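Note that the coordinates shown come from a computational prediction; the quantities given were computed from them, not determined experimentally.
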Amino acid sequence: MSSEDLFKEARILMMGTLHRSKSSTKRTALATFTLGVGMSVAIAQVAEEDATAAAKSEKPIEQMTVYGEQGKTTTATKLDLTIFETPQTVTAISRAQMDDFALNTISDVLDYTPGVTVEEVETDRIYYTARGFDIVNFQYDGVGVPFIYGLNKGQQDTAVFEKIEVVKGAAGLITGLANPSATINYLRKRPTDDLQMGARISANEWNGVRLDGDISGPVTEGVSARLVIARDQSESYLDRHEDEMDLMYGVVEVELTEASKLTVGHSYNKSANTGVLWGALPLTYSDGSRTDYDVSTSNAPDWTFADTVLNQTFVELAQQLSDRWTLNAQFMRNTADFESELFYVYENPDPVTEIGLKGYASAYDSDEKQNLYDLFVSGSFEFAGREHQLVVGYSYADIETTEASYYDYVNGYPVLGSDWAQGNTPRPSFTDHDPATQSTDIEQTHKSLYFSSRLSLTDRLSALIGARRAELTQEGVSYGGSADTDSEKTVPYYGLTYLLAEDFTLYGSYSEVFKQQTWVNDQFQPLGATEGDNTEVGFKKTFNNERATLGLAYFQSNNENFGEFVARDTTTGTAFYAPRDFESEGFELEFSGEVTEGLNIGAGYTQVDIENDSGQDVRHFVPKKLLKASASYRLPSLPAMRVGGVIKWQDDITTEDGLVEQEAYTLVDVAVHYDLTPTLGLSLNVDNVTDEKYFSSLYWDQAFYGAPRNVKVAISWKY
């Protein structure tokens, strides 16, 4: 078969079997697919050569698949520890897991991660929670990037990452500025010692096409580089909603001397989406009965859009001071530009006529700039005949955030008709309107001095101690009110590990965190900082020569002065928050790694209860019981084939007022991979196999439905 014939067969497989009965494929999707033609032809030609070579050599197919990445992690403490040695629950999602289950966005990964919930309240603004609280701190290679507003805007592509680690609880050593929920550390891909190349083209049944490529290796003596690109364009199961994402990432490593290495990199991620939701669907009719719309229902007109552009530049210098000590200097500059035109629908419609809804439109823009510096020394020393570890460092960040909302005050707020779900509301004019009190302009300065140490007290007992002295200054205005506030706090960290056997350890840890908030109350005044702490005790056991880890943890977390959404100002659209004190308590059971040759499992069960300071159950949108499990198995009788699946189950949740309930549900995904040659493979992913109908979140008093059953196919090539 010629390369052209192979490409035609791949195209028929991808688009022909998936194509829904829509009138036409969007020109943008066709343009994206065309971009992949050249790469696909090249893949096909290489495939023929590989097939010929494989037939001659009869060399068996070999592919390493690792779940959990059981190696070293510095995410929780900056110390050089394994997950087994870290006295907190650490979940690692490997590149293999992201590839197996087509986890192409950050939300995909976190929805897959045990103990984490993805609260997709809107299509392009998303909250994440763990242990009952919002996740507000994210890191890139250990450098903290706090969410100013506690939510993620747009979508971020995962093609740039080699691994993603999630530290549950309060990670006070690595960032004092967070909630006692979790810290997410994104570990970027780095240049490799030898030449490696890869490409993949995939398609889904919503006329979506994705193309990504990765090339890495030495450039010249002492210099290596890596380039990653991705383009993803698709329609959606939601009416009028379309997604488009572009990614480019480049990194260069230079061996300055035998003892020093300089790394410079930059990533560009653009998410441009249309037909986006601001808020979501009404959950009850005017008589109090439940609504029950089609899964595809959306109230967003096709003129609505949300564009997010993320740029990250980073510079790292690692200097070996001796055989025990290393000096690390890191700088990262992040810019995030968000531009949108949105339409919000509220009130409750009549159960018969669907009349009664109101709406208003807003043009909302935000701009954030972060300059982050981190300088630390790490190494080991001997004392009392034993070896110990120590990290001492200083971090500094300046962050500027501006945002503005524009409204059409001339035409007012429209009363919608019975056809509101058709998205017929015309686009208003936002051009000449002064945002006035609908603006935010905030500057923050973060300063932190920290240390952490692992002391080997006996052959079996180790103590982890540390502290971070954090100072935060905030100046500016938030929606017309003063945002000026200062905070400073020393957050401690204590941990103990006791090795009962070489493969079994007991542990306990305590840590504190705090975080400044820019939310305002109903008087347009800032809430100030929220403070939290986390206590955790548990055990960890390794299996299969440390290729898999089982962990059980009991935790108790507190969060004080935490801003919780209570209402939205009907004139300005400003969200009002009220301070609350919460306590969460529960346990987590996790297993991750290779059980036997060819069989990998990643699974976790979380149970949590959340109460306020009056002892009442709160945050009912967070499931009290959450199970996530995945597996991948390479068939011994057919080593070219690997089959896998994901099961996600949660118990019932309700809106905070208890009026709407989402009953417990289970989602099942399956994945099949077949290696045509040692370098060429086909993949089939089916998500939500049982076509479960469910709300994507009840974080607010509005919601929309999660994706129905859908299919993706892909062809990939690796060298």
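- Contact record, N688 with A707: ND2-O, 2.9 Å, taken as the closest heavy-atom pair.
- The distance from atom NZ of K153 to atom CG of D337, rounded to the nearest 0.5 Å, is 10.5 Å.
- Here the closest heavy-atom approach between residue F101 and residue G644 is recorded as CE2-C, 4.1 Å.
- Below 30°, between 30° and 60°, or above 60°: for W278 and Y360 the angle between ring planes is above 60°, a perpendicular geometry.
- Scored by the ring-ring contact (aromatic ring centres under 6.0 Å, His included) test, F704 finds no partners at all (sequence neighbours excluded).
- The backbone N or O of L103 lies less than 3.5 Å from a partner atom in the side chain of T158, making a donor-acceptor pair.
- The closest donor-acceptor contact from the side chain of S614 to the backbone of Q616 lies at 3.5 Å or more, if one exists at all.
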Original post:
Given the rule in the side-chain contact (heavy atoms from CB on, under 4.5 Å) test, do N534 and R131 qualify, once you have shown the distances and angles that lead to the verdict?
Top reply: CA-CA 10 Å; N534 181 81; R131 296 187 174 180; 3.3 Å; yes

Subject >> Derivation and outcome, salt bridge (charged side-chain N to carboxylate O under 4.0 Å, His left out), residues D613 and R580 >> reply: CA-CA 8 Å; D613 49 8; R580 300 282 190 262; over 6 Å; no

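- For the 3.5 Å distance criterion, the side chains of E119 and T117 qualify, holding a donor opposite an acceptor.
- In this structure, CG on N204 lies 7.5 Å from CG on D232, to the nearest 0.5 angstrom.
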**OP:** Check step by step if salt bridge (charged side-chain N to carboxylate O under 4.0 Å, His left out) holds for K693 and D294.
**Re:** CA-CA 9 Å; K693 185 178 182 180; D294 292 338; 5.5 Å; no

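- S697 and E120 are not linked by any side-chain donor-acceptor pair at a separation below 3.5 angstrom, with hydrogens and angles left out of the test.
- Looking at residues two or more places apart in sequence or on another chain, you find no ring-ring contact (aromatic ring centres under 6.0 Å, His included) involving Y285.
- Y346 and Q702 form no side-chain donor-acceptor contact under 3.5 Å, judged by distance and modelled atom types alone.
- For T530, the side-chain contact (heavy atoms from CB on, under 4.5 Å) partners at least two apart in sequence or on another chain are N179, K515, Q517, N559, F562.
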**OP:** Begin with the C-alpha distance, continue with both residues' side-chain angles, and end with the deciding distance and a verdict on side-chain contact (heavy atoms from CB on, under 4.5 Å) for V618 and E656.
**Re:** CA-CA 7 Å; V618 291; E656 202 59 26; 3.8 Å; yes

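- Between I164 and I184, some side-chain heavy-atom pair lies under the 4.5 Å cut-off.
- K168 contributes no side-chain N or O that, together with a main-chain N or O of P180, makes up a donor-acceptor pair within less than 3.5 Å.
- Residues L283 and L659 form no side-chain contact, since every pair of their non-hydrogen atoms from C-beta on lies 4.5 Å or further apart.
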Original post:
Would D307 and E341 satisfy side-chain contact (heavy atoms from CB on, under 4.5 Å), going step by step from the backbone distance to the final call?
Top reply: CA-CA 9 Å; D307 294 348; E341 292 184 0; over 6 Å; no

**OP:** List the steps and the verdict of side-chain contact (heavy atoms from CB on, under 4.5 Å) for S236 and E242.
**Re:** CA-CA 6 Å; S236 168; E242 297 184 15; over 6 Å; no

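- Side-chain contact, N348 with S286: no donor N or O sits under 3.5 Å from an acceptor N or O.
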**OP:** In sequence, state the C-alpha distance, the side-chain angles, and the governing distance for Q155 and S271, and then conclude on side chain to side chain donor-acceptor pair (under 3.5 Å).
**Re:** CA-CA 6 Å; Q155 295 287 358; S271 173; over 6 Å; no

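- Ion pairing between a basic and an acidic side chain is recognised when a charged N comes within 4.0 Å of a carboxylate O; K270 and E244 show no such pairing.
- Listed by chain and residue number, Q422, N424 satisfy the side-chain contact (heavy atoms from CB on, under 4.5 Å) test with D419 (two or more places apart in sequence, or in another chain).
- When Y665, Y705, Y293, W700 are each tested for a ring-ring contact (aromatic ring centres under 6.0 Å, His included) with F695, only one passes: Y705.
- T105 places a side-chain N or O within donor-acceptor distance of the main-chain N or O of D108, the cut-off being under 3.5 Å.
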Original post:
Would D239 and H241 count as a side chain to side chain donor-acceptor pair (under 3.5 Å) if you check the C-alpha gap in whole Å, the side-chain angles of each, and the deciding distance to 0.1 Å?
Top reply: CA-CA 6 Å; D239 294 337; H241 182 71; over 6 Å; no

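- Ion pairing between D669 and R709 fails under the 4.0 Å rule for side-chain N and carboxylate O.
- By the 4.0 Å N-to-carboxylate-O rule, R231 lies too far from D212 to be salt-bridged with it.
- Under the rule for a ring-ring contact (aromatic ring centres under 6.0 Å, His included), the partners of Y186 that lie at least two apart in sequence or sit in another chain are F138, Y140, F161.
- With contacts defined as side-chain heavy-atom distances shorter than 4.5 Å, the pair K358/L416 does not qualify.
- A salt bridge is defined here as a Lys NZ or Arg NE, NH1 or NH2 lying under 4.0 Å from an Asp or Glu carboxylate O, and D609 with K625 fails to meet this definition.
- Here E611 does not pair with R619 in a salt bridge; the nearest charged N to carboxylate O distance is not below 4.0 Å.
- Using modelled atom types and a 3.5 Å distance limit, the side chains of S289 and D287 yield a donor-acceptor pair.
- The nearest pair of heavy atoms linking V295 to P708 is CG1-CD, 3.9 Å.
- The ring-ring contact (aromatic ring centres under 6.0 Å, His included) test applied to F621 returns Y699, not counting sequence neighbours.
- For the pair D652 and K624, the salt-bridge criterion is not met [side-chain N within less than 4.0 Å of a carboxylate O].
- Proximity of a side-chain donor or acceptor of N685 to a complementary backbone N or O of K712 within less than 3.5 Å is not detected.
- T291 places a side-chain N or O within donor-acceptor distance of the main-chain N or O of P282, the cut-off being under 3.5 Å.
- Using cut-offs of 30° and 60° on the angle between ring planes, the pair F133 and F582 is tilted.
- Of all non-hydrogen atoms in S340 and D365, the two that sit nearest each other are N-OD1, 3.6 Å.
- Put simply, the side chain of Y344 does not reach to within 4.5 Å of the side chain of N299, judged on heavy atoms.
- I126 and V118 make their closest contact through CG2-CG1, 3.6 Å (heavy atoms, listed as atom of the first residue, atom of the second, distance).
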**OP:** For side chain to side chain donor-acceptor pair (under 3.5 Å), just list the numbers for E588 and Y605, CA-CA rounded to whole Å, side-chain angles, deciding distance to a tenth of an Å, and then say yes or no.
**Re:** CA-CA 6 Å; E588 290 180 313; Y605 174 79; over 6 Å; no

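- In this structure, S298 contributes its side chain and L238 its backbone to no donor-acceptor pair below 3.5 Å.
- Scanning all heavy atoms of the two residues, the minimum distance from P623 to Q650 falls at CB-CB, 3.8 Å.
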